[in-house]
Amino acid sequence: MGSVLQAEGERILSGGLLLRWGLFTPPKTPAPMRLSQYPINTTRETPAEAEVLSHQLMLRAGLIRREAAGLYSWLPMGLKTLRKAETIIREEMDRAGALELIMPVFQPGELWQESGRWTAYGPELLRVKDRHERDFVAGPTHEEVITDIVRRDIRSYRQLPVNFYQVQTKFRDEIRPRFGVMRAREFIMKDAYSFHVDEASLQQGYQAMHDAYTRIFTRMGLDFRAVRADSGPIGGDVSQEFHVIAASGEDAIVFSDEDGYAANLEAAAALPPRESRPAPREAMSQVPTPGARTIDEVSRLLKVAPSRCVKTLLVEGSDVDVVALVLRGDHDLNAIKAQRLPGVANPFRMAGAERIARATGAEAGFIGPVGLRCPIYADHSALALADFVCGANQKDTHLTGVNWERDVGEVTAADIRNVREGDPSPSGRGRLKIARGIEVGHIFQLGRRYSEPLKATVLDESGREVTLLMGCYGIGVTRVVAAAIEQNHDERGIIWPEPLAPFQVVLVPINLQKSVRVREVADRLYHELTAQGIEVLYDDRDARPGVKFADAELLGIPHRLVVAERGLEAGRLEYRQRRDSESTEFPAGEAVAFIKARLR
Ligand code: ATP
Ligand code: MG
C-alpha cells in the first residue's frame with residue numbers, strides 16, 4: 001500500500017505544505033495491549049442464561065455481550081479472536097483463487113420469488129417491507145443475489161470458472177436461538193459461490209473448497225472432521241459438512257472404524273439386515289395392554305424385547321391425510337430421510353390426535369400396521385421381523401405373533417431410521433461409531449438449483465447457451481470461535497489454540513506498583529517482545545497476583561510470563577504454558593529467545 005501511495009506523487013495539503021505521501025505513512029502502531037487501558041470486565045460467576053460452556057466462558061471473559069435473543073456485540077478482546085479466524089479464512093480463500101466481494105444484507109423479495117424460496121423458506125426468513133411497501137428479506141444466505149450478479153455480468157464460458165466470497169452478516173430468525181453465538185439470529189458467515197460451465201469444472205471447484213476448508217480448520221488448530229450431509233433448505237445434490245468434534249455438539253457424527261466413511265447422522269444410510277426373515281411360527285392374537293403406550297411399557301408388560309416390537313408413527317401426507325412409518329421398537333425415526341419419501345408432507349409433521357383418530361379409530365400408543373388403510377412405509381429392520389408385537393388400532397390393546405405378508409399386506413420397504421453405534425458401515429467396511437460435532441462449515445454442489453429459475457446462462461465454446469452449474473460454501477465464522485472454546489477449555493477457562501488466541505503472551509508482573517525493579521524488567525520485556533511482532537497482553541493493573549493469574553487463565557492466553565521480585569534476585573523469570581499445571585524458570589536475559597522458541 002505504501003508504495004502505491006508514493007507512486008501517486010505529491011499533493012498539496014492544508015497550510016500549503018508539500019508532502020511526499022509515502023514518507024509520512026505512519027508506522028504500524030500496535031493495538032493497545034496494556035490491561036490497565038483495556039476495559040475488560042471478567043466475572044467468576046457463571047451467567048445463569050448460558051447453558052453451554054463456551055457461552056459461559058465468552059460472557060465471563062468479556063468477549064461478547066447479549067443485546068437481545070440471538071443478537072450479540074463482540075467486545076474488543078472477542079473481536080481480536082474473531083478477526084484472527086477471518087484472516088485465516090481470507091488467506092485460504094484467496095489462495096484457492098476465490099474473489100472477495102460484499103453483497104447487501106437486505107435483498108429484494110423479487111429475487112426470492114424467482115428462486116421459489118420466498119414461499120419455500122420457513123419463518124426463519126425475516127421478511128420486511130420498506131416505506132414503499134416493497135418486499136425485502138434479511139439475507140440468511142446469498143444464492144439469489146450472487147446468481148443475479150453473475151447472470152448480468154458473466155456472458156462467456158471464457159470468464160469461468162469463478163468463485164466469489166464474502167465475510168458478512170447473516171440473519172436467520174431461528175426458532176430457538178441458544179448457546180450464545182453458536183446458534184444466534186444475527187451471525188457472521190463466510191459464504192462463497194462458484195459457477196461452472198460443466199460438471200467436471202464443478203467437481204474441481206468443489207474439491208478446491210474442500211481442500212481450502214481442510215487447511216482453514218487445520219490452521220485454526222481444531223480437531224475436525226468432514227462428513228457427508230443432508231443439503232437442507234439450501235438444496236442441491238452433494239454436500240459435506242465440517243464438524244468440530246466436541247462432546248456438547250448438537251449433531252451426531254457417525255464414522256466407520258475401518259475406512260474413511262463419515263456422515264452426519266441425518267444423512268447416514270442404514271443397511272438392510274443381512275439375515276433373511278424367519279418363517280411365521282405364531283398365530284396372531286389380541287392381548288390387553290391397559291395404559292401401556294410406549295415400547296418400554298409394552299415390552300415390560302408382555303415380556304418381549306423392544307427389538308421384537310414395532311412402533312407405528314403416523315405423519316401428515318402430501319396428498320393423503322396420513323402416511324404410516326413403521327420402525328423396530330428399539331430404533332429411532334430419522335425425519336430427514338422420511339421427509340424425502342413420496343407422499344410424505346414436506347416440511348415433515350407428525351399427525352395430530354384428530355388425524356390419528358380419523359385414520360385408525362384409536363389413539364397414539366396403540367397404532368399398528370394391521371388393517372391400516374393408508375400408505376405404509378416399513379423400515380428394513382422392522383420388515384426383517386417375524387412374529388412381532390404391534391398396536392391393534394384399538395385402545396389398551398396390542399397384537400402379538402404378527403407377520404408381514406400374512407397379516408399386514410402391502411407395505412413399502414424404506415430406510416427411515418437413525419443408524420446406531422455398532423451398525424455395519426454403509427461403506428461396506430467396519431462398524432459405525434458415533435461422536436458429537438458442531439457444524440462449522442458446509443459445502444454444496446448445487447447444480448442448477450438457482451441458475452435455472454434465475455436463468456443464469458453463458459455461451460459455450462460453440463456459441464450455444466448453457467445454464468450454469470453452481471456450488472456454494474459456508475463457514476460460520478462467529479460459530480467457529482465458540483466451537484474452538486467448546487473443544488479447548490478446562491475448569492479455569494478458555495485454552496485458545498494459538499492461531500486464534502487474542503494475544504500470544506500474557507505478561508504478569510507481581511507488585512508492579514511497588515517494585516521499581518519489577519517495573520523496569522516488565523516494561524523492557526513488553527517492548528522487546530512487542531518489537532519482535534509478538535502480541536503481548538501486559539497486565540499492568542494494580543491488582544493482586546491471584547486476580548491476574550485467574551484472568552490470564554480465563555482469557556486463555558497460551559503463554560504466561562511472570563516477573564517477580566524474588567525470581568529477579570536469582571536472575572530468573574517464570575514461564576507457564578496455558579495447558580500445563582507447573583511453571584518453569586529460566587534466565588531473565590534469555591526471555592525473548594525463550595518465548596520465541598515456544599511460539600508456533
Ligand atoms: P444448522 O444446521 O446448524 O442450523 P445450517 O445447516 O442451517 O446450520 P448452513 O446454511 O449450512 O447452516 O450455513 C453455513 C454455516 O453457517 C453453518 O455450517 C454454520 O457454521 C453457520 N450457521 C448456520 N446457522 C447459524 C446460526 N444460527 N448461528 C451461527 N452460525 C450459524
Ligand atoms: Mg448446514
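Both ligands and their constituent atoms are indexed starting at 1 by order of listing.
- Within the 4.0 Å heavy-atom criterion, the part of Met189 lying near ligand 1 is the side chain and not the backbone.
- Listed by number with element, the atoms of ligand 1 under 4.0 angstrom from any heavy atom of Glu174 are 24 (N), 26 (C), 27 (N).
- To the nearest 0.5 Å, atom CD of residue Glu51 and atom CZ of residue Phe179 are 5.0 Å apart.
- On a distance-only criterion, Thr478 and ligand 1 share no N/O pair closer than 3.5 Å.
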**Message:** Between Leu446 and Glu143, does the side chain to side chain contact (heavy atoms under 4.5 Å, CB included) criterion hold? Intermediate values first, please.
**Reply:** CA-CA 10 Å; Leu446 294 170; Glu143 283 79 11; 4.0 Å; yes
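- Separation of the Tyr213 and Phe242 ring centroids falls under the 6.0 Å cut-off.
- Taking the centre of each ring, His210 and Tyr473 stay at or above the 6.0 Å mark.
- At the Mg ion (ligand 2), the vertex angle linking OE2 of Glu439 with ND1 of His442 is 100° (nearest 10 degrees).
- Near Arg172, meaning under 4.0 Å from any of its heavy atoms, are these atoms of ligand 1: 5 (P), 7 (O), 9 (P), 10 (O), 12 (O), 13 (O), 23 (C), 24 (N).
- Contact atoms of ligand 1 toward Arg479: 3 (O), 19 (C), 20 (O), 22 (N), 23 (C), 24 (N), 25 (C), 26 (C), 29 (C), 30 (N), 31 (C) (distance under 4.0 Å to a heavy atom of the residue).
- For ligand 1, the polar-atom distance check finds an N/O of Ala184 within less than 3.5 Å of one of the ligand's N/O atoms.
- In terms of modelled atom types and a separation under 3.5 Å, the side chain of Arg127 and the main chain of Trp118 share a donor-acceptor contact.
- Taking the side chain as every heavy atom from C-beta outward, Val105 and Phe136 never approach each other to under 4.5 Å.
- Under the 4.0 angstrom criterion for non-hydrogen atoms, Met182 is in contact with ligand 1.
- Side-chain N/O atoms of Ser201 and Glu199 include no donor and acceptor closer than 3.5 Å.
- Here atom 24 (N) of ligand 1 lies nearest to Phe187 when heavy atoms of Phe171, Phe179, Phe187, Phe242 are compared.
- Residue contacts with ligand 1: Val181 is included, with a non-hydrogen atom under 4.0 Å away.
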